[in-house]
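Heavy atoms only: backbone and side chains are in, while hydrogens, waters and symmetry mates are out.
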Amino acid sequence: MTEKRPGRLRNAFAALVYRMQAFTVVGYMGVASFIGVEALIVLLGFTTVLPIAIPFVLIVLGLVYLFRQRLRGLWAGARARLRRGEAE
């Protein structure tokens, strides 16, 4: 009589998990391109030292990667102000 179909909650949860996995992959790719694959391997190799900190370190490095253009602009501005201060 009635056909069973997945509920909206299951679909929403599956979409959330998919987005979180995609964000994780993008984060790892960003970190790998920012610090290099070899450094990422070394970082992940230290998981026995403090395993709880590794995701947070990767998140911070991923955010630095995503906002590196902004950081470059801030760094260039700070250097220009420093040079202007030295010239006076």
Side-chain angles (χ1 to χ4, degrees):
M1 293 188 172
T2 61
E3 295 180 22
K4 288 192 174 193
R5 55 188 172 132
R8 289 175 36 188
L9 184 59
R10 177 183 280 180
N11 287 340
F13 184 71
L16 176 67
V17 168
Y18 176 75
R19 287 185 181 123
M20 288 171 48
Q21 288 174 343
F23 182 73
T24 302
V25 168
V26 169
Y28 274 107
M29 289 173 57
V31 169
S33 68
F34 186 67
I35 65 173
V37 175
E38 293 84 9
L40 179 64
I41 291 169
V42 169
L43 180 68
L44 292 177
F46 284 111
T47 56
T48 57
V49 176
L50 189 58
I52 194 68
I54 297 299
F56 299 112
V57 169
L58 292 177
I59 288 169
V60 167
L61 289 173
L63 290 174
V64 168
Y65 170 77
L66 293 175
F67 296 112
R68 68 182 179 175
Q69 293 293 30
R70 180 75 175 142
L71 292 173
R72 282 182 185 168
L74 290 172
W75 180 252
R79 288 181 64 195
R81 276 181 292 206
L82 187 64
R83 274 188 245 138
R84 271 187 263 138
E86 289 176 356
E88 293 175 357

request  = With sequence neighbours left out, write down each residue that passes side-chain contact (heavy atoms from CB on, under 4.5 Å) with Arg79, or none if nothing qualifies.
outcome  = Trp75, Arg83
task = Starting from Leu82, walk the hydrophobic network (Ile, Leu, Val, Met, Phe, Trp, Tyr; side-chain heavy atoms closer than 4.5 Å) and list everyone else you reach, by chain and number.
result = none
note = Residues passing the side-chain contact (heavy atoms from CB on, under 4.5 Å) test with Val25, sequence neighbours excluded, are Met29
